[in-house]
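Let me begin by presenting the structure, written as C-alpha cells, before commenting on it.
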Protein chains: 2
Amino acid sequence: MTDEPKPGTSWLADSLRQAGYKLTAPRLAVLRVLEAEGEHLSPAEVLERGRAIYPTLSRATVYRTLELLTGLGVIRPIYLGDGGPCFTYARGGHHHLVCSACGAVIEFNECVVGELAQTLSDQFGFQIKSHLLEFYGLCGDCQ
Amino acid sequence: MTDEPKPGTSWLADSLRQAGYKLTAPRLAVLRVLEAEGEHLSPAEVLERGRAIYPTLSRATVYRTLELLTGLGVIRPIYLGDGGPCFTYARGGHHHLVCSACGAVIEFNECVVGELAQTLSDQFGFQIKSHLLEFYGLCGDCQ
DNA sequence: CATTTAATTGAGACAAAATCTCAGTTAGAT
DNA sequence: ATCTAACTGAGATTTTGTCTCAATTAAATG
C-alpha cells in the first residue's frame, strides 16, 4: 500500500460506485475538487479547478456530475449571499448567520436539531441525512 | 409597537415606504404577487404572474424589486431541490424536509431554534430577523 | 393644483449560466 | 480481448440575469 489513496476510494467516489455509476476520469476530477475544497463551490469554480486536473473537462460534465451527486444526496446546493448556488457536502449540518445587508456569512457550531430530526424522521417517514440551519438578519457592522 | 399590518396596508409595501422607496404600480404588482403566493416563487414566476396584474412589467423591474426587498431583509432567496433560486418571506422561520431524490418539499412547524437564536444574537452581535431550517434526505417514497 | 426633480421604468442589447444534442470514447462486465 | 451501455466533449441553444438610456412618474414643494 502506498500513502496515496487509490483513486475512487473517497466517500463521494464510493457513493457513485455503489449507485452503479462509472468512475471516469472527468468525474474523478470533479470529486477531487469537491473533496479538496469541501465547501461553497460554485459550478464555475468546480469547472475551473477541475480543468487544472483534467484539462478537457466540459461544463456539461460538471453540471451532470453535480446533479448526480445531488440526486444521491451526498452534496447539496445552497445559497449564500447573492452569488448564486454553491455546493457543499450533504453530511452533518451546516450552520450560518447570513447578513441581509452585506452578505457576510458567519459559521457557528451549536447544533440543536438532533432531537427534532429524530421526531420528524418518525413523523414523516423521512430518512434524514443532513441539515441546514441559517439565520438571517443584520451583522454587527450593518446594524 | 406591533408588526400587525393595518387593513389595506401590507408589510412589504410598508417596508418599501419606510425605507424611502417610491410605491410605483410595477412594484405594487410584484408585491401583490409575493403576498398572494407568499412562498417559493422564482423570478420567472413573479414576472409571469405580475404581468397578469401589470402587463408591461419588465423583467428588469422584477429583479430590481426582488433585490430591493432582499436588501431590506423582508424576503430571502432560497434553493429548493434542483431548481433555481426562489423567494420567500424573511419573517419568522421556514422549515422544510427536502427529498434529495425527487425534490419533494414537506413543511413542518416545530421550531426549536428560539433559544439558540438568542444565544447567537448575543454571541455575535447579530440581529436575527428570520431563519431557515432544512433537513435533506429521502422521503418515504424514495427510500 | 401645477411645478419640479430625482427615482423609477420598459425595451432590448448584452452577458452569464445552464441545458441539450450527437457522434465519438470508455469503464467495466463477460 | 471483446462488447455495450454509459459516458464524454464541443458547441449550439435556451434560459436566466444584468446593464444602458431615453421616457415616465411619485411625491415633495410652493
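In what follows, chains carry the letters A, B, and so on, assigned in the order in which the sequence lines appear, proteins first and then strands, with residues in each chain numbered from 1.
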May I have the distance from B:L23 (atom CG) to C:dT9 (atom P), rounded to whole angstrom? 10 Å

Of the options B:H96, B:H95, B:H94, which is the one that meets B:H131 in a ring pair (Phe, Tyr, Trp, His ring centres under 6.0 Å)? B:H95

Distance check needed: C:dT9 P versus B:R51 CZ, whole Å only. 14 Å

Residue-phosphate contact under 4.0 Å: A:R27 side-chain N/O, C:dA27 OP1/OP2: no

Please report the distance, rounded to the nearest Å, between OH in A:Y63 and P in C:dT21. 17 Å

Which nucleotide in the list D:dG9, C:dA6, C:dG10 gets nearest to the side chain of B:K22? C:dA6

Would you name the heavy atoms of A:L57 and A:L47 that are closest together and state the gap between them? O-CD1, 3.7 Å

Any side-chain N or O of A:T24 less than 4.0 Å from the OP1 or OP2 oxygen of D:dT8? yes

Taking B:S121 for the side chain and B:F126 for the main chain, is one N or O donor matched with an acceptor at less than 3.5 Å? yes

To the nearest Å, how far apart are A:Y21 OH and D:dA5 P? 17 Å

Once you round it to whole Å, what is the distance between P of D:dA12 and CZ of A:R59? 12 Å

Proximal nucleotide (of C:dT8, C:dG10, D:dG9) relative to the A:R64 side chain: D:dG9

Report the distance from atom CG of A:L66 to atom C1' of C:dA17, rounded to the nearest whole Å. 13 Å

Show your reasoning for whether side chain to side chain contact (heavy atoms under 4.5 Å, CB included) applies to B:V74 and B:K129. CA-CA 9 Å; B:V74 294; B:K129 292 185 176 177; over 6 Å; no

Using the side-chain heavy atoms of A:P43, tell me which of these nucleotides is nearest: D:dA26, C:dA18, D:dT8. C:dA18

Atom CG of A:L68 and atom P of C:dT19 are separated, to the nearest Å, by 14 Å

DNA chain C nearest-nucleotide lookup for B:A60 and B:G20: closer to the 5′ end is B:G20

Can you tell me the distance, in whole Å, between the CG atom of B:L31 and the P atom of D:dA26? 15 Å

Hey, which of these two, A:T65 or B:A25, hits DNA chain D nearer its 5' end, going by closest nucleotide? A:T65

Take A:L12 and A:I75 through the side chain to side chain contact (heavy atoms under 4.5 Å, CB included) test and state the conclusion after the steps. CA-CA 9 Å; A:L12 295 179; A:I75 63 173; 4.2 Å; yes

